[in-house]
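Model, not experiment: these values are computed from the prediction. The residues of the chain are indexed from 1 along the displayed sequence.
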Amino acid sequence: MNHQEFAKMWINAWNSHDLENILSHYSEDIEITTPMIALATGGKENSLKGKEAVREYWRKALDKFPDLHFDLIHSTAGVDFVALFYKSIMDKHAVEVMFFNEEGKISKMYAHYD
């Protein structure tokens, strides 16, 4: 996988606000962990499992932030994973580490914010 091409596709998907396009990068059993979930749930959770749970969470996020726009700063590659460094919502910097399954879909994702 070319991590730079993937990073551009991923950023463009989010900037399109097309939820199905965004979700097309993720496996059915996706597991995401991010401090933003804790903010949205009042600290009750910080991870979600399964595409349907993630779909509902991201649908609410896209509704809440209609001007959402990410700017890619840098991407790096590991073994079956990539890390994207980008400017996120609320003027935050983010690093997302995404692990891929055998089909090339993201199966785990960990987000970090400043």
Side-chain angles (χ1 to χ4, degrees):
M1 169 190 299
N2 181 313
H3 67 90
Q4 290 136 337
E5 287 178 19
F6 170 80
K8 288 177 190 172
M9 286 183 353
W10 187 88
I11 291 285
N12 288 339
W14 275 98
N15 288 343
S16 77
H17 295 213
D18 179 340
L19 185 55
E20 294 310 311
N21 186 13
I22 295 165
L23 287 166
S24 72
H25 298 282
Y26 298 86
S27 66
E28 290 298 321
D29 62 347
I30 179 64
E31 181 178 345
I32 66 170
T33 302
T34 169
M36 293 299 187
I37 294 171
L39 285 175
T41 64
K44 295 176 188 165
E45 298 179 59
N46 58 18
S47 294
L48 293 172
K49 285 186 176 187
K51 206 172 209 178
E52 289 309 311
V54 171
R55 174 184 275 114
E56 182 63 19
Y57 168 69
W58 283 341
R59 184 189 59 74
K60 289 178 184 175
L62 288 169
D63 288 347
K64 185 174 181 174
F65 297 100
D67 59 345
L68 178 140
H69 183 83
F70 295 159
D71 289 311
L72 181 65
I73 297 169
H74 194 69
S75 66
T76 60
V79 177
D80 296 326
F81 65 91
V82 300
L84 304 184
F85 177 40
Y86 61 96
K87 190 165 184 185
S88 183
I89 59 173
M90 300 182 289
D91 208 28
K92 292 185 174 288
H93 287 97
V95 174
E96 289 201 24
V97 181
M98 303 170 195
F99 295 84
F100 293 84
N101 65 16
E102 312 78 45
E103 293 147 9
K105 300 287 186 181
I106 302 165
S107 58
K108 286 190 180 188
M109 181 276 290
Y110 298 93
H112 310 78
Y113 298 91
D114 63 2

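- Using a 4.5 Å cut-off on side-chain heavy atoms (C-beta onward), Leu84 and Met98 make contact.
- The shortest non-hydrogen separation linking Ser27 to Ser107 is OG-CA, 3.4 Å.
- Closest of all the heavy-atom pairs between Ser47 and Glu45 is O-OE1, 3.5 Å.
- Within the 4.5 Å cutoff, side-chain heavy atoms of Leu68 are placed close to those of His17.
- Side-chain heavy atoms closer than 4.5 Å link hydrophobic residues (I, L, V, M, F, W, Y) into clusters, and following such links, even through other members, never connects Phe85 to Ile106.
- Residues Ala13 and Ile22 share a closest heavy-atom pair of O-CG1, 3.4 Å.
- Cluster membership check: Ile89 shares its hydrophobic cluster with Val54, using side-chain heavy-atom separations under 4.5 Å among Ile, Leu, Val, Met, Phe, Trp and Tyr.
- Side-chain atoms of His69 and Asp67 include no donor-acceptor pair closer than 3.5 Å.
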Query - Verdict with supporting geometry, Tyr113 and His93, ring pair (Phe, Tyr, Trp, His ring centres under 6.0 Å) - result: CA-CA 6 Å; Tyr113 298 91; His93 287 97; over 10 Å; no
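- Distance CG/Asn12 to CG/Asn21: 9.0 Å, rounded to 0.5 Å.
- Taking hydrophobic clusters as Ile, Leu, Val, Met, Phe, Trp and Tyr residues chained together by side-chain heavy-atom distances below 4.5 Å, Tyr110 does not share a cluster with Leu72.
- A single hydrophobic cluster is not seen to contain both Val95 and Met90; linkage of ILVMFWY side chains at heavy-atom distances under 4.5 Å, directly or through other members, places them apart.
- Taking the ring centroids of Trp58 and Tyr26, they lie under the 6.0 Å cut-off.
- Within the 4.5 Å cutoff, the side chain of Leu19 has heavy atoms near those of the Arg55 side chain.
- Contact of the Thr34 side chain with the Asn46 side chain is not registered, since no non-hydrogen atoms from C-beta on lie closer than 4.5 Å.
- Ion pair Lys105/Glu28 not flagged as a salt bridge, since none of the NZ, NE, NH1 or NH2 atoms sits closer than 4.0 Å to an Asp/Glu carboxylate oxygen.
- By the 4.5 Å heavy-atom criterion applied to side chains, Lys108 and Ile30 are not counted as neighbours.
- Between Glu5 and Lys8 there is no salt bridge, since no side-chain N of the basic residue sits under 4.0 Å from a carboxylate O of the acidic one.
- Contact between Ser75 and His3 at its shortest, heavy atoms only, is OG-ND1, 2.7 Å.
- Ser88 contributes atom OG, which lies 8.5 Å from atom CZ of Phe65 (distance to the nearest 0.5 angstrom).
- Aromatic rings of Tyr86 and Trp14 (six-membered ring for Trp) have centroids beyond the 6.0 Å cut-off, not under it.
- Residues that satisfy the salt bridge (Lys or Arg N to Asp or Glu O under 4.0 Å) test with Glu103, not counting sequence neighbours, are absent from this structure.
- Taking the centre of each ring, Phe6 and His25 come in below the 6.0 Å mark.
- Side-chain atoms of Leu48 and Glu56, non-hydrogen and from C-beta on, never get closer than 4.5 Å to each other.
- By the criterion of side-chain heavy atoms lying less than 4.5 angstrom apart, applied directly or through intervening Ile, Leu, Val, Met, Phe, Trp or Tyr residues, Val82 is grouped together with Ile11 in one hydrophobic cluster.
- A distance of 10.0 Å separates NZ of Lys51 from CG of Asp29, quoted to the nearest 0.5 Å.
- Counting only heavy atoms from C-beta outward, the side chains of Lys92 and Met36 approach each other to under 4.5 Å.
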